[in-house]
Amino acid sequence: MTEAKLDKVYAPKAIEEKWTKYWLENELFRADVNSTKPAFSMAIPPPNVTGSLHMGHALNNTLQDILARYKRMKGFDVLWLPGTDHAGIATQNVVEKKLHAEGLDRHKLGREKFIQRVWQWKEESGGAIINQLKRLGASCDWSREQFTMSPELSKAVREVFVRLYEEGLIYRDERLINWCPRCLTALSDIEVEHEETPGKLYHIRYPLADNPKEFLTVATTRPETMLGDTAVAVHPDDERYNKFIGKEVLLPLTSRRIPVIGDSILVDIEFGTGAVKITPAHDFNDFEAGLRHSLKRINIFNERAHIKQNIPDINPEIMEEITGLHVHKARERVIHILKEHGFLTKSEDHKHVIGKCYRCKTVIEPYLSPQWYVKVKPLAEEAIKAVEQGKTRIIPEGWQNTYFEWMRNIKDWCISRQIWWGHQVPAWYCLKCNKGEIYEVHGEKRFSAKAKPIVSRTEPKDCPACKSKDIVRDNDVLDTWFSSALWPFSTLGWPEKVETQNLASLLQRYYPTSVIVTGFDIIFFWVARMMMMGLKFMGNVPFRDVYIHALVRDAEGQKMSKSKGNVIDPLVIMDKYGTDAFRFTLAAMAAQGRDIKLAEERIEGYRNFCNKIWNLARFTLMNLEGFSDHWPLTTGHYSLADKWILTRLNAAIKDVTEDLETYRFNDAANSAYQFVWHELCDWYVELIKFDLRGENSEERKMTAQTVLLKILKDSLKLLHPIMPFITEEIWDVLPHEEGDKGQGAGVSSIMQQPFPKTGEDYPDAERDMILIMDVIKAIRNIRSEMNVSPALTIEAVCYSSDVSVIRLLETEGSHIKTLSKVSVLNISAPAGRPENCATAIADNIEIFIPLKGLINFEEEEKRLKKDIEKIEKEILALERKMSNKEFIERAPKEVVEKDKARLEELLQKKTKLEQ
RNA sequence: GGGCGGAUAGCUCAGUUGGUAGAGCGCAGCCCUUACAAGGCUGAUGUCGCAGGUUCGAUCCCUGUUCCGCCUACCA
């Protein structure tokens with residue numbers, strides 16, 4: 001007697017904790033470099049150390065874990081490499097906030113102490129996200145956890161930087177960059193979020209220098225920047241203004257005379273007034289125009305976007321009024337003054353796009369400063385080729401265009417950041433050689449773009465040129481995404497391969513990785529750059545497949561955000577419904593190419609599914625009395641139901657396998673769900689209850705037990721990648737055959753089992769079973785429609801003119817009796833409708849149910865009429881189709897045949913019903 | 001401005017070679033039938049955004065169009 005070892009109630013929490021601990025203690029997720037199995041590898045998109053598990057992580061890592069577990073069961077040596085990202089700005093912001101609460105700031109603390117504080121913070125709180133991933137069931141090889149600021153990865157960063165510099169692919173230049181006045185750092189183009197905002201377009205008169213009564217009116221959205229104007233541009237073909245080209249205008253509020261120039265690139269005749277003020281130090285277009293016309297650049301504000309002192313040429317009283325004001329405040333003042341002096345002629349509503357910092361949402365200011373850049377064009381070319389040649393596939397394919405589009409229009413990547421937390425640029429400056437190029441910000445020495453850096457893997461002892469020991473390190477750190485770009489190979493030990501044999505084989509074995517799974521929001525930030533760096537330094541793509549998944553939104557389709565207050569916390573969900581239900585929901589909703597609108601009811605539905613599986617397992621265990629694992633499982637023993645469910649299992653295995661191979665997670669989840677609930681539980685379990693109770697024969701009992709157990713085990717294996725915990729728990733208490741329990745040191749887990757393979761199909765049994773099921777459904781339908789109590793046992797008459805059908809009904813009639821609660825099933829009755837009967841037709845089997853005493857004839861009439869109407873409608877459609885000659889001639893034969901048969905069936909059915 | 005995606009049952013969404021539309025939740029009716037009420041059985045509901053075109057036949061292919069959403073872009 002097998003004792004039930006599952007609690008009556010499915011309680012996910014304890015199970016999850018138990019198995020997480022077991023898996024980790026037994027290191028079941030560990031990759032084996034020396035394995036003879038084929039390798040499957042993935043690098044996790046490293047979450048920020050500051051992070052807490054959100055829906056995006058949950059989806060991303062659930063999908064990866066499904067792949068990892070599936071591939072493991074498919075016989076691969078799986079390396080899923082985990083780790084976290086140091087997340088420069090984000091982390092610095094977190095620690096700065098903490099300092100602020102203590103009444104400190106990083107400048108008071110100093111760079112070295114501040115960085116110590118960040119490390120301290122990382123040690124104390126940085127592991128949260130990793131533990132949350134473990135709770136999600138992520139089967140990463142935790143023994144290889146990496147951090148983008150670790151000494152090893154830092155070494156990789158330095159190596160890449162130095163090599164790129166030596167090849168001329170990294171350089172320094174003074175340009176206009178996106179500057180965040182709050183973070184006090186430069187940002188790359190893609191770190192700026194654009195947002196359409198209503199604003200105003202101001203028309204300002206610039207008097208002509210030689211005739212102050214004449215004006216050139218410019219239009220601008222940012223009037224305060226006029227203080228930095230160094231020219232006015234008009235279109236050379238613009239007849240209104242081209243006569244002014246070469247002349248000068250007086251810049252209002254200043255004593256500055258600036259030239260009028262002709263520029264067809266910058267100026268759109270149609271827009272605004274047709275005349276454009278040029279501020280090369282504060283606008284990207286103007287900067288370019290300034291280069292074309294060799295214009296001076298006048299910077300009017302500082303790092304915090306406050307108006308500088310002593311901007312050249314400004315009227316002193318105005319200067320005094322606005323010095324130190326934030327540009328936005330200064331704007332109001334300038335508008336006011338312009339209006340007072342009659343320079344402002346008009347202001348109209350105008351919506352325009354403004355950039356905001358992706359970390360803190362502060363309005364970005366274009367700001368002139370020396371920065372480090374990567375020359376990306378040559379790298380991008382290779383990255384484009386690799387995808388064109390199919391060395392890397394992007395899935396779903398639609399994202400390829402996005403990738404190409406960006407790669408083809410790529411601009412040089414500004415990689416330096418003026419923050420402290422991150423990989424400090426491995427460059428030094430000789431104070432002697434660069435004497436004239438030094439300036440100070442917040443007590444830090446900075447160097448102009450003309451300064452000559454010494455770039456080196458290690459700190460130089462002295463200046464190679466003058467041997468002076470007076471050298472200073474560049475204060476900038478690298479864009480966080482610079483180190484992320486190296487992730488697929490830096491985590492595998494690069495560049496150490498020459499020195500350590502073991503690391504070499506790691507790279508050899510696991511690079512390129514098999515697939516990277518990520519959201520589309522970081523295609524540019526991350527995927528594109530990994531491609532460039534991987535190709536450059538490894539000579540091969542970093543991954544074979546890129547699987548791009550959707551964004552998780554709330555039930556209304558809104559992006560989840562703290563400010564909107566619509567965030568669903570995955571940890572809360574896991575507490576409430578269990579991790580398996582949550583994971584299953586994510587998988588089931590992860591259809592390619594569409595965002596996920598997460599509604600809690602859906603999760604609840606899949607929690608119920610977990611419960612269903614749980615009870616299925618309990619039922620199985622309760623019915624294994626006398627079970628012998630030596631019972632031979634051969635075709636000869638199988639009943640119709642056995643053959644049917646085995647055939648359906650094959651279909652489920654085939655579907656789930658194909659779906660997982662092609663990243664169709666939702667289809668895989670649905671196939672498994674459909675099979676387990678609506679075929680296995682709803683039908684098979686009900687069909688074999690008699691057998692299991694031993695009411696047929698010992699042989700039937702043994703066979704049913706064996707088949708049920710096999711189907712349950714295979715179902716658990718099918719589900720395990722999606723629902724690891726519940727499947728492991730049930731697997732653990734099931735009886736096992738030799739070798740079923742997994743290998744090695746008493747450790748056993750369903751995850752070590754091979755993924756189910758399809759067995760023999762029984763198409764005849766499948767067809768016959770459908771027939772029986774249809775009859776059962778038809779009788780149930782009558783009972784329900786006629787309001788026959790479920791407690792009441794009734795009689796039924798089935799009639800068919802087909803001998804094989806009659807034989808089938810005779811041999812399998814017991815199922816009909818049991819499942820539709822019929823006591824006498826009369827099969828050999830003659831055709832024609834007996835008196836006082838409810839009638840139905842299923843698959844050309846006529847079903848009559850004598851209803852003496854318990855019928856409502858009006859109901860029956862109504863029911864019949866409805867049936868007939870439905871049939872007539874379909875017949876009409878089919879007949880129209882059949883009378884269409886071209887359909888008969890041109891449609892595929894099978895289709896015509898099928899329709900013909902269907903029509904015939906319907907006609908027969910109709911006549912029978914009408915009798 | 002350019003590009004992409006969506007529009008299918010009350011709600012959230014599937015629908016992979018064009019051949020009579022599916023699921024979950026919700027809804028209605030009946031049932032505590034000893035695996036499961038987090039359950040069982042039965043049922044109802046769709047001019048598949050709009051207009052054309054190709055085709056014997058279109059939710060699916062083509063063109064146009066309207067609403068949403070997203071990405072991208074230097075119109076001051």
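Just so it is clear: chains get the letters A, B, ... in the order the sequence lines come, proteins before strands, and each one is counted from 1.
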A/Lys612 has a side chain; which of B/A76, B/G40, B/C30 sits nearest to it? B/G40

Select base, sugar-phosphate, or nothing to describe what A/Val353 touches, counting heavy atoms under 4.0 Å on all strands. base

Gap between atoms CE and C1', on A/Met589 and B/A23 respectively (whole Å): 12 Å

Rounded to the Å, how far apart are A/Phe271 CZ and B/C74 P? 15 Å

Once you apply a heavy-atom cut-off of 4.0 Å, does A/Phe284 come out as touching a base, just sugar-phosphate, or nothing? nothing

Taking atom NZ of A/Lys200 as the centre, does the number of heavy atoms from other residues, nucleotides or ligands within less than 6.0 Å exceed 12? yes

Between B/A76 and A/His350, is there an OP1 or OP2 to side-chain N/O distance shorter than 4.0 Å? yes

Please state how far atom OH in A/Tyr606 lies from atom P in B/C36, giving the value in whole angstrom units. 24 Å

Assign A/His678 to base, sugar-phosphate, or nothing according to its heavy-atom contacts below 4.0 angstrom with the strands shown. sugar-phosphate

So for atom CD, which belongs to A/Glu397, do other residues, nucleotides or ligands contribute more than 12 heavy atoms lying within a distance under 6.0 Å? no

Indicate, with a heavy-atom threshold strictly under 4.0 Å, whether A/Asn781 touches base, sugar-phosphate, or nothing. sugar-phosphate

Of the candidates B/A14, B/A35, B/C31, the side chain of A/Asn666 sits closest to B/A14

A/Asp667 has its side chain closest, among B/A76, B/A14, B/U72, to B/A14

Does A/Arg693 or A/Asn285 map to a spot on RNA chain B nearer the 5' end, using the closest nucleotide for each? A/Arg693

Between B/G22 and B/G43, how many Å separate the two P atoms, rounded to a whole number? 14 Å

Describe the nucleic acid contact of A/Lys893 in one word from base, sugar-phosphate, nothing, applying a heavy-atom distance below 4.0 Å. nothing

Name the nucleic acid region contacted by A/Cys681, choosing base, sugar-phosphate or nothing; use a 4.0 angstrom heavy-atom cut-off, strictly under. base

Please give the distance between the P atoms of B/C36 and B/G18 as a whole number of Å. 47 Å

What is the distance from atom CZ of A/Phe343 to atom CD1 of A/Ile204, rounded to the nearest 0.5 Å? 10.0 Å

Examine the base of B/U20 for any acceptor or donor lying under 3.5 Å from a partner atom in the side chain of A/Arg902, and report the outcome as yes or no. yes

Is the phosphate of B/C41, meaning OP1 or OP2, less than 4.0 Å from a side-chain N or O of A/Lys821? no

Selection from B/G40, B/C30, B/A76 that lies nearest to any side-chain heavy atom of A/Thr220: B/A76

In whole angstrom, give me the gap between the C1' atoms of B/G24 and B/C32. 25 Å

Distance check needed: B/G15 P versus A/Asp655 CG, whole Å only. 14 Å

Under 4.0 angstrom, heavy atoms only, what part of the nucleic acid is A/Lys277 near: base, sugar-phosphate, or nothing? nothing

Has A/Asn608 got a side-chain N or O lying under 4.0 Å from the OP1 or OP2 atom of B/G39? yes

Give the ring-plane orientation class for A/Tyr10 versus A/Trp614, where under 30° counts as parallel, over 60° as perpendicular and anything between as tilted. tilted

Check for me whether the distance between the ring centres of A/Tyr673 and A/Tyr606 falls short of 6.0 Å. yes

For A/Gly274, which contact category applies under a 4.0 Å heavy-atom criterion: base, sugar-phosphate, or nothing? base

May I ask you to say what A/Val267 touches in the nucleic acid, namely base, sugar-phosphate or nothing, with a heavy-atom cut-off under 4.0 Å? base

For the atom pair OG1 (A/Thr221) and CD (A/Glu348), what is the distance rounded to the nearest 0.5 Å? 11.5 Å

Partner nucleotide of B/A51 by Watson-Crick or wobble geometry (both distances under 3.5 Å): B/U63

Distance check, C1' atoms only: B/U20 and B/U47, in whole angstrom units. 16 Å

Mind checking A/Asp682 for me? I need base, sugar-phosphate or nothing, with any heavy atom below 4.0 Å counting as a touch. sugar-phosphate

How do A/Asp189 and A/Leu878 order along RNA chain B: which one's closest nucleotide is nearer the 5' end? A/Leu878

Span that lies between the P atom of B/A7 and that of B/C48, in whole angstrom: 14 Å

Does B/A28 have a Watson-Crick or wobble partner in any strand here, with both distances under 3.5 angstrom, and which is it? B/U42

Suppose we call two aromatic rings close when their centres sit under 6.0 Å apart. Are A/His350 and A/Tyr202 close by that rule? no

How long is the span from the CD1 atom in A/Ile573 to the OG1 atom in A/Thr585, to the nearest 0.5 Å? 8.5 Å

Atom CG of A/Asn409 to atom P of B/G2: distance rounded to whole Å? 15 Å

Side-chain N or O of A/Lys351 less than 4.0 angstrom from OP1 or OP2 on B/C75? no

Pairing check on B/U34: which nucleotide meets the Watson-Crick or G-U wobble criteria with it, both distances under 3.5 Å? none

Touch class at under 4.0 angstrom, heavy-atom based, for A/Glu686 against every strand present: base

Quote, to the nearest angstrom, the P distance that separates B/A44 from B/G2. 49 Å

Can you measure A/Ile688 atom CD1 to B/A35 atom P for me and round it to whole angstrom units? 12 Å

Find the distance A/Tyr673:OH to B/G22:P and express it as a whole number of Å. 18 Å

Nearest to the side chain of A/Glu785, heavy atoms from C-beta on, is which of B/A76, B/G43, B/G39? B/G43

Does B/A21 have a Watson-Crick or wobble mate here (both distances under 3.5 Å), and if so which one? none

I'd like to know if A/Glu785 pairs up with A/Arg780 as an ion pair, taking the criterion as any Lys NZ or Arg NE/NH1/NH2 lying under 4.0 Å from an Asp or Glu carboxylate oxygen. no

Short side-chain N/O contact to B/G40 OP1/OP2 from A/Trp677, under 4.0 Å: yes

Mind checking the P distance from B/G64 to B/C25? Whole angstroms is fine. 41 Å

Nearest-Å distance, CZ (A/Phe520) to C1' (B/G69)? 10 Å

Please name the pair of heavy atoms, one in A/Thr579 and one in A/Phe725, separated by the smallest distance, quoted to 0.1 Å. CG2-CE1, 3.7 Å

What nucleic acid atoms does A/Arg780 come within less than 4.0 Å of, heavy atoms only: base, sugar-phosphate, or nothing? sugar-phosphate

Given that both distances must come in under 3.5 Å, which nucleotide forms a Watson-Crick or G-U wobble pair with B/G69? B/C4

Just to be sure I understand the rule, does A/Leu266 reach a base, reach only the sugar-phosphate, or reach nothing, if contact means heavy atoms closer than 4.0 Å? base

Integer angstrom distance from the P of B/U45 to that of B/U65: 37 Å

A/Asn787 side chain, from C-beta outward: closest of B/G29, B/U42, B/U16: B/G29

How would you label the contact of A/Glu405 with the nucleic acid (heavy atoms, under 4.0 Å): base, sugar-phosphate, or nothing? nothing

